[in-house]
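A short write-up of the structure that comes next.
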Amino acid sequence: MTIYVGNLSYDATQNDIQEVFSEYGTVKKAHLSTDRETGRPRGFAFIDMGSDAEEEKAIAELDGAEWMGRTLKVNKARPREN
DNA sequence: GTTGAGCGTT
């Protein structure tokens with residue numbers, strides 16, 4: 001499973017996000033999506049944790065939490081292909 | 001400022 005993280009501060013980096021999620025388990029992958037044209041962050045990211053239990057915990061703990069001045073939106077990600 | 005890439009072809 002992959003976690004979607006939205007409403008991120010534009011100051012947040014992929015590494016920042018990984019550190020926050022590491023608090024609730026092993027972060028296998030952290031991806032901060034940026035605008036391909038401008039290179040600026042789009043304000044959302046995807047996280048892969050070591051286990052579903054860790055992911056569920058991270059979602060439960062971080063959804064709605066304030067981080068870097070923004071209230072995070074955290075939930076299960078959709079598959080990239082629709 | 002809410003769902004991921006690529007841009008020499010989706």
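Sequence lines set the chain letters: A, B, ... in the order given, protein chains first and strands last, and positions in each chain run from 1. All of these numbers come straight from a predicted model, not from anything done at the bench.
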*Answer with yes or no whether the hydrophobic clustering places A:Tyr4 together with A:Val74; edges join I, L, V, M, F, W, Y residues whose side-chain heavy atoms lie under 4.5 Å apart.*
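No, A:Tyr4 does not connect to A:Val74 through the hydrophobic network.
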
Please state how far atom [atom1] in [X] lies from atom [atom2] in [N], giving the value in whole angstrom units.
X       : N      : atom1 : atom2 : value
A:Arg80 : B:dT10 : CZ    : P     : 16 Å
A:Glu37 : B:dG6  : CD    : P     : 11 Å
A:Asn75 : B:dG4  : CG    : P     : 13 Å
A:Ile3  : B:dG4  : CD1   : P     : 16 Å
A:Arg42 : B:dT2  : CZ    : P     : 9 Å
A:Asp35 : B:dG6  : CG    : C1'   : 14 Å
A:Arg78 : B:dT2  : CZ    : C1'   : 9 Å
A:Lys28 : B:dG4  : NZ    : C1'   : 16 Å

*Using the C1' atom on both, measure B:dT2 against B:dG6 and round to a whole Å.*
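Here B:dT2 and B:dG6 have their C1' atoms 22 Å from each other.
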
_Would you measure the distance from the C1' atom in B:dT10 across to the matching atom in B:dG4 and give it in whole Å?_
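About 15 Å, rounded to a whole number of Å.
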
*A:Glu54 side-chain N/O to A:Thr26 backbone N/O, donor-acceptor pair under 3.5 Å*: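 Answer holds: yes.
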
*Once you round to the nearest 0.5 Å, how far does OH of A:Tyr24 lie from CE of A:Met49?*
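Atom-to-atom, A:Tyr24:OH and A:Met49:CE are 10.0 Å apart.
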
_Let me confirm one number: the CD1-CD distance from A:Ile47 to A:Gln14, rounded to the nearest 0.5 Å._
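So the gap between those two atoms works out to 8.0 Å.
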
*Determine the contact category for A:Leu8: base if any of its heavy atoms lies under 4.0 Å from a base atom, sugar-phosphate if only primed atoms, P, OP1 or OP2 are that close, otherwise nothing.*
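Base, at least one base atom sits under 4.0 Å.
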
_Heavy-atom nearest nucleotide on DNA chain B for A:Thr34 versus A:Arg70: which residue maps closer to 5'?_
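Its nearest nucleotide being more 5', the pick is A:Arg70.
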
*Earlier contact from the 5' end, DNA chain B, for A:Arg36 and A:Phe46*: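 Its nearest nucleotide lies further toward 5', so the answer is A:Phe46.
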
_Under the criterion of centre distance below 5.5 Å and interplanar angle below 30°, is A:Phe44 classified as stacked on the base of B:dT2?_
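One would not call A:Phe44 stacked on the B:dT2 base.
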
_Considering all heavy atoms, the nearest A:Phe44-A:Leu32 contact_ =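 Reported closest heavy-atom pair: O-CD2, 3.7 Å.
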
